[in-house]
Amino acid sequence: MISDEELLLYYYRELDTAEHARIGAAVAADPELGRRLHGLVARLDAAAAQPEVPVPAHVEQRWRAAVGGAAGGSRAAPARRQFFTQPGWLAAAAVAVVALTFTIQHVMQTPPDRTARTVPAPATDTASTADASAYENGLKFHLASTERRLESLGERSWRVDREQRRAAELRIAGHAGPAERGRQTDIRHPVVFEERIMKPNLTILVALLAVSGTTYAQTPAAPTPAAERQRQAKADREPTNEEELALAALEGLMAQSSDRALPIIKKVLAGSQTPLVKRRALFVLSQIDSPEAQQILLQITRSPDAALRGEAIRSIGIGGDAKSLDALQEIYNSGDSEVKKEVLQAWMIAGRKEAVYQVALNAKSEDEANEAIRMLGVMGAADELRKLGERPNAASGLVEAYALSGDLASLRKIAEGNGALDVRAEAVRKIGLIQSEAARAALRDIYTRSSEAEIKDAALQGMLIGGDEQGVLTLYRAAKSSDEKRALLRYLSMMDGDAALQAIDAALEGKK
Amino acid sequence: VLTLLKSWVQPDAFHAVLNERGVRWYNACLRITRDADLAADAVQEALLKAWDRRAEFRGEAALASWIHRIALNAAIDLTRRRKTRAEDELDDDSFEAAPWAAPESEYVKEALGKDLTTAMQRLSTMERQVFLLKHIEGWRLDEIAESMQTTINGVKHALFRAVRKLRADLHLWRGES
């Protein structure tokens, strides 16, 4: 059971990768959950809706006077003729920038279809309970905020990152192959890619890629491990202006046919572009539905460049091509621990439970087993995890995986079993991660029934993790000894909620 | 190219951004402060900071987004500075009793008055600000925590409390309430 808080944090993108993947998979798999999320967001929009107020004239005048005053005291702006003192390549690059800006603006001026595609229909069963006018306001507001987000996407460089994450989410749900792209409906705003990404002139794209590659070619990195790490760090930083141009050009390639896009991507991968651009090229490659594209990706999975290799492996997972995913088995068998992790991640993204399960089953070390088990947890592979749990000498990673997959029954079985105390306590704590009413009830029950201090403490920590203030307050009221009351009050204080205030108030007044 | 583009952010461009986005900044700050004067002050503070650093921005969009963020930070800061414990407890009453000198403020008062009839009025200052910064402005939890000088956990709890109150008022979600 996924709580509303979890859904909300998922919508806000505030969960860690594993949790985000778990909730994303659940939302994608369960239309009812998707409707619940939309209903929740639409109603919060409704609550926040407020008519726009014009700026009073005197206030606006005051602002202008303040800016005017600041301008009067500031140094003069640089003269435009400085431009002509710059090297010639700057002028050429500036022309390219202007050309790209013009192309982008031209496309941006085409308004997206704002009727129903950005905001899916609300769930009718819950909509009827909300105030109608507030709800209407909310929908309008939702639409407006959606458009603002779309606008901002035109200004930011992480468009593909966002789409990449989205593709991964859809892939986890196992229902978005390359051929299906563009037909998905989305709780959030999937039309971004279709409507905001331009279909630019191919010549301009090639020119931009060439311009942006030049500067990196002048500073090649030495093929040492230190240089490799440096290159990796460089690839993780914010893109430079030249890279932004190249990334925009690569985005543009996604709108081209594969026979036109492939030669350019191959050239980018073989050329002197930065690792960041090459990694983005790999993602674009994974979205091209052609055997040649898959072949290139598989070749790069054996590249000595760790960053590129990892990206190629992940991209195969995102692309979801069955043959390429099968071929990753050989890469897994022959790879080091880092490669193994990347392959497991690709299978996780592709929803390949059986392949990951087999790794966990046949692992040669506990670390290897735990990594696969963790992925099974992220995938919500409850059946596979249970099967692993029934084996003798079950790996220690199972507790975490059960929590990730939301398997309360298995966690409780460990918690109330005869295993090592620290493992049982960990299982109790992890119940707090599940964030459902059943999990909250289980923790209260474990706390009440257990006579072991470690388990009681773990139950309280689980309740703290799960934010079950009311549960702790109930236990506080039922506590018999003052020591126990003090301990519970300490937890309530840490939870920083209304229940804590109630308890503190009661304690000060000498009530129960 | 970057230097060149930076130098193109001239006073006219600055005023163009002000013309286009001023209403949005003002309304965003109004939601945070619930006070027309504080909202106007917050925007002005942001404009002055942005003017000093205008050369760092290329294009109007980046400048506008930056002013928006600075204005919200200023709004939070101004609210915090003005608010005393007693005012906090009487938050809504003090708002209703606030003096409204300029005739335009009647419009503001009316608009906010409508808002007061909604579920938002039941939120504490912190809950309202956290909710607005997260849900409307899309800030990350750590950004909100930093701006509001609290912890991420504190922000999360305030957000959840806000949502629970809003849910109760709008009879939200699965008929739980």
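The chains referred to below are lettered A, B, ... by the order of the sequence lines, with proteins before strands, and numbering in each begins at 1. What you see is a predicted model; the values in this text were computed from it and never measured.
In plain terms, the two heavy atoms of B/Leu48 and A/Ala66 that are nearest each other are CD2-O, 3.5 Å. Contact record, A/Pro54 with B/Tyr26: O-CE2, 3.8 Å, taken as the closest heavy-atom pair.
Rounding to the nearest 0.5 angstrom, the gap separating the CD atom in A/Glu5 from the NE2 atom in B/His157 is 10.5 Å.
Chain A forms the most heavy-atom pairs under 4.5 Å with one residue out of B/Leu141, B/Leu159, B/Asp142, and that residue is B/Leu141.
You'll find the side chain of B/Asn19 reaches within 4.5 Å of the side chain of A/Glu60, heavy atoms only. Side-chain atoms of A/Tyr12 and B/Arg140, non-hydrogen and from C-beta on, never get closer than 4.5 Å to each other.
Ion pairing of A/Glu14 with B/Lys134 is present here, as a side-chain N (NZ or NE/NH1/NH2) and a carboxylate O approach within less than 4.0 Å.
B/Asp77 is linked by a side chain to side chain donor-acceptor pair (under 3.5 Å) to B/Arg80, B/Arg81, counting only residues two or more places apart in sequence or in another chain.
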Item checked: Step-by-step side chain to side chain contact (heavy atoms under 4.5 Å, CB included) determination, A/Asp4 to B/Val163 -> CA-CA 10 Å; A/Asp4 293 322; B/Val163 169; over 6 Å; no

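Within the 4.5 angstrom heavy-atom criterion, atoms from both the backbone and the side chain of B/Asp41 approach chain A.
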